[in-house]
Amino acid sequence: MTTHRTATPTRPGGDDGGAHVVGAATARCPLAAHVFEMAMEPVDVHVAQARRTTATVLKHWSLPETSAEDARLVVSELVSNAIIHGSGDVRLRLRHEDHELRIRVTDDSTAPARRRRASAAGLGGRGLHLVACLSLRWGVADGGRTTYAVIPTFTEAPPRRRATQSRTEPTC
């Protein structure tokens with residue numbers, strides 16, 4: 001396995017903004033998995049940084065644009081949730097293998113992410129609904145510390161399946 005470790009460019013004055021990037025890709029065969037990891041302090045500005053970095057990584061991996069757009073939105077929502085509702089540093093992991101992109105966002109909180117019903121006037125409560133609509137499946141792992149989503153990466157994506165159990169929630 002070939003591993004590349006790079007830190008994000010430092011800001012003027014030597015501050016790296018609290019984000020660190022580690023990327024890895026296996027070089028055994030053309031269909032080998034691609035893996036990218038990024039850790040960041042729980043600061044709002046890192047949501048945009050995670051989204052931009054994800055876009056760059058997925059372009060490098062030659063993912064279809066539709067899948068990449070969905071993934072950028074999912075990354076934004078999951079990283080935002082981890083920063084707002086979680087605790088400690090936030091870790092983003094992307095893994096592309098077998099026509100699926102697996103997105104994992106981890107923080108130190110053991111309170112699992114859960115969908116909320118958004119009010120008409122409220123700004124929050126829609127993020128995990130969007131994740132459910134854009135993903136083949138999504139869920140929580142690691143005792144509530146990790147929220148994950150799986151995005152299809154076929155050239156022509158198959159129909160999406162919803163991972164919800166309630167029949168009263170709006171459809172995508």
Visitor: Indicate yes or no: at least one non-hydrogen side-chain atom of E97 is less than 4.5 angstrom from one of R102.
Guide: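 A side-chain contact under 4.5 Å exists here.
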
Visitor: Under 4.0 Å between a side-chain nitrogen and a carboxylate oxygen: does that hold for E65 and R72?
Guide: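 Result for this pair is yes, salt bridge flagged.
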
Visitor: Testing V150, L101, I151 for side chain to side chain contact (heavy atoms under 4.5 Å, CB included) with S135, which one passes?
Guide: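 Only match with S135 under side chain to side chain contact (heavy atoms under 4.5 Å, CB included): I151.
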
Visitor: Test side-chain contact (heavy atoms from CB on, under 4.5 Å) on N81 and T147; report intermediate values, then the result.
Guide: CA-CA 9 Å; N81 281 351; T147 305; over 6 Å; no

Visitor: Looking only at heavy atoms, what is the nearest atom pair of A68 and L58, with distance?
Guide: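 The answer is CA-CD1, 3.9 Å.
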
Visitor: So F36 and T53, do their side chains get closer than 4.5 Å, heavy atoms only?
Guide: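 Heavy-atom side-chain distance check passes, below 4.5 Å.
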
Visitor: As an exercise, state the distance from CG of D107 to CG of D142, rounded to the nearest 0.5 Å.
Guide: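 One finds 10.5 Å between CG of D107 and CG of D142.
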
Visitor: Start with the C-alpha distance between V47 and E77, add both sets of side-chain angles, then the distance that settles side-chain contact (heavy atoms from CB on, under 4.5 Å), and finish with yes or no.
Guide: CA-CA 8 Å; V47 175; E77 294 301 332; over 6 Å; no

Visitor: Give the C-alpha distance, both sets of side-chain angles, the deciding distance and a yes or no for side-chain contact (heavy atoms from CB on, under 4.5 Å) between W61 and T153.
Guide: CA-CA 11 Å; W61 291 349; T153 60; over 6 Å; no

Visitor: Please tell me if the side chains of L92 and I103 come closer than 4.5 Å, counting only heavy atoms from C-beta onward.
Guide: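 L92 vs I103: side chains touch.
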
Visitor: Taking all atoms of both residues into account, what is the closest heavy-atom pair of A82 and V105, and its distance?
Guide: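 So the minimum-distance heavy-atom pair works out to CB-CG1, 3.7 Å.
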
Visitor: For residues V140 and A113, report the shortest heavy-atom separation together with the two atoms involved.
Guide: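 What the structure gives for the nearest pair is CG2-O, 3.6 Å.
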
Visitor: Restricting to non-hydrogen atoms, name the atom on S109 and the atom on G86 that form the minimum distance, rounded to 0.1 Å.
Guide: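 Scanning both residues completely, I find the closest heavy atoms to be CB-CA, 3.8 Å.
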
Visitor: Can you check whether E100's main-chain N or O pairs, donor with acceptor, with D98's side chain at less than 3.5 Å?
Guide: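 No, D98 side chain to E100 backbone: no donor-acceptor pair under 3.5 Å.
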
Visitor: Please tell me if the side chains of M38 and Q49 come closer than 4.5 Å, counting only heavy atoms from C-beta onward.
Guide: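 Of all side-chain heavy-atom pairs linking Q49 with M38, at least one is under 4.5 Å.
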
Visitor: One pair to check against side-chain contact (heavy atoms from CB on, under 4.5 Å): T106 and D89. What are the steps and the verdict?
Guide: CA-CA 8 Å; T106 304; D89 287 348; over 6 Å; no

Visitor: Are R93 and T146 side-chain neighbours, meaning at least one heavy-atom pair lies under 4.5 Å?
Guide: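 No; the side chains remain at least 4.5 Å from each other.
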
Visitor: Within a strict 4.5 Å, meaning less than it, do heavy atoms of the L63 and E69 side chains meet?
Guide: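 They are not in contact (no side-chain heavy atoms under 4.5 Å apart), so the answer is no.
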
Visitor: Distance from E41 atom CD to H46 atom NE2, nearest 0.5 Å?
Guide: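 Output value for this atom pair is 6.5 Å.
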
Visitor: Where is the tightest heavy-atom contact between R51 and V75, given as atom of each residue plus distance?
Guide: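 Closest approach of R51 to V75: N-CG1, 4.3 Å.
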
Visitor: So do the side chains of L78 and L128 get within less than 4.5 Å of each other, counting heavy atoms only?
Guide: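 Heavy-atom side-chain distance check passes, below 4.5 Å.
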
